[in-house]
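Below is one structure, written out as structure tokens; the observations come after it.
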Amino acid sequence: MASTILNAPYTVPSVKGFDTQNYVGLRPISSLRFNSGRTAFSGHSQRLLVVRASEKYDGDVEKLEMSIEECEAAVVAGNVPEAPSVPPKPAAPFGTPVIQSLQLSRRPRRNRSSPALRASFQETSICPANFVYPLFIHEGQEDTPIGAMPGCYRLGWRHGLVEEVAKARDVGVNGIVLFPKVPDALKSPTGDEAYNDNGLVPRAIRLLKDKYPDLVIYTDVALDPYSSDGHDGIVREDGVIMNDETVHQLCKQAVSQARAGADVVSPSDMMDGRVGAIRAALDAEGFHHVSIMSYTAKYASSFYGPFREALDSNPRFGDKKTYQMNPANYREALVEGREDEAEGADILLVKPGLPYLDIIRLLRDQSPLPIAAYQVWVCGNVP
């Protein structure tokens with residue numbers, strides 16, 4: 001496409017009615033005339049305004065009455081508004097050798113050169129929204145201290161729980177998980193209180209959802225707080241934990257929690273097949289929207305002692321090693337993870353968290369699902 005070149009001179013017009021002396025940051029300079037192909041400077045003084053970004057003015061600055069065309073014409077004419085100059089290169093300390101720069105195609109430090117760049121390329125971010133706050137509740141009115149967990153309390157579900165949730169939300173933590181201390185009189189070998197729709201946990205869920213509808217509530221799905229034997233499942237007379245019968249009870253417990261308003265149910269029992277069964281039970285009752293966070297790799301550990309004291313749920317006999325994982329087993333976490341993922345888990349969890357960072361990494365590398373970690377209470381001073 002052909003273009004037309006004009007050889008006529010052009011003078012940038014002045015702005016009428018605008019006094020540059022009354023505005024900080026604006027100063028007059030001589031006007032310029034130009035011909036196409038070359039710039040011709042004239043000697044007479046016609047004012048053009050220059051804005052300096054570094055200068056300050058506390059009052060309101062009047063908008064210049066110049067059109068886009070006039071602003072562009074001024075720049076074409078060579079009357080370019082001034083901007084701050086590039087700062088000088090910082091000097092190296094005395095004695096620094098003068099060398100030829102390395103010929104590097106890639107310098108990873110470039111992406112770490114300033115706080116803004118580091119924030120832009122940060123791969124792992126932790127914020128309050130990532131945390132889920134474990135809260136221990138009981139039927140009492142008052143909050144009672146937990147002896148094995150200094151600074152932690154069993155919260156009265158009507159008042160202390162609501163107040164603690166409010167404090168957590170104030171600092172950005174909007175996810176909580178509830179653990180109940182159930183009266184001994186309500187415990188039984190089959191843990192039927194676990195699916196009582198008017199039990200402690202369902203009542204607390206309904207109360208919190210009424211107060212904070214957007215609160216994300218996780219629940220614990222296991223029989224140990226409700227079992228007179230203190231185990232996560234039904235115990236046969238020879239001490240064997242019955243798997244499938246326990247899963248039947250867990251399904252009813254998860255549905256009861258979902259009915260109360262739970263957002264995420266979290267089976268911590270380590271029974272085989274419970275994730276798939278719970279998923280089917282939730283879906284059958286219309287709770288397709290309720291997520292499952294599976295305790296995928298829950299290792300047998302003495303770290304759980306303070307937690308069990310908080311819930312008064314210590315096993316009355318034996319231990320939990322026939323269903324919780326052997327701490328010496330690494331690859332077994334893959335078996336559990338693949339089963340839970342195939343059965344419909346939405347989140348995979350590792351417990352305890354800190355001693356099993358390698359398992360967290362393993363599951364993170366092998367599964368596309370979100371990976372959670374439960375960091376349990378550790379007593380004593382840590383150097």
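Position 1 is the first residue of the sequence, and the numbers go up from there.
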Exercise. Under 3.5 Å, is there a donor-acceptor pair between the side chain of D143 and the main chain of G156?
Worked result: yes

Exercise. Any donor and acceptor pair, going by atom type alone, linking the side chain of D283 with main-chain N or O of A280 inside 3.5 Å?
Worked result: no

For this session: Under 4.5 Å between side-chain heavy atoms, chaining through other members, with only Ile, Leu, Val, Met, Phe, Trp and Tyr counted: pull out the rest of the cluster around V240, sorted by chain and number.
Result: none

Exercise. Going by side-chain heavy atoms closer than 4.5 Å, which hydrophobic residues are tied to L117, directly or by a chain of links?
Worked result: F121

For this session: Quick one: sort the F317 and H231 rings into parallel, tilted or perpendicular, breaks at 30° and 60°.
Result: tilted

For this session: Please report the C-alpha distance between V221 and I278 in whole Å, then the side-chain angles of each, then the deciding distance to 0.1 Å, and finally whether the side-chain contact (heavy atoms from CB on, under 4.5 Å) criterion is met.
Result: CA-CA 10 Å; V221 179; I278 290 172; 4.2 Å; yes

Problem set entry | salt_bridge(R169, E164) N-O dist < 4.0 Å | no

Exercise. Would you call K209-D214 a salt bridge at under 4.0 Å N-O?
Worked result: no

For this session: Would you please name every residue forming a salt bridge (charged side-chain N to carboxylate O under 4.0 Å, His left out) with D192, sequence neighbours left out?
Result: none

For residues 267-277, please give each side-chain donor-acceptor pair under 3.5 Å, one per line with the distance, not counting sequence neighbours.
unit_1	atom_1	unit_2	atom_2	d
S268	OG	D220	OD1	2.6
D269	OD1	R274	NE	3.3
D269	OD2	M271	N	2.7
R274	NH2	P267	O	3.1
R274	NH2	Y295	O	3.0

Problem set entry | Steps toward side-chain contact (heavy atoms from CB on, under 4.5 Å) verdict (H138, T144) | CA-CA 9 Å; H138 68 159; T144 60; 3.7 Å; yes

Distance-only donor-acceptor hits, side chain of residues 94-110, under 3.5 Å, sequence neighbours excluded:
unit_1	atom_1	unit_2	atom_2	d
T96	OG1	P93	O	2.7
Q103	NE2	S101	O	3.2
R107	NH2	L102	O	3.0

Problem set entry | Contact list for residues 225-244, test salt bridge (Lys or Arg N to Asp or Glu O under 4.0 Å), sequence neighbours left out | D232-K320, R236-D238

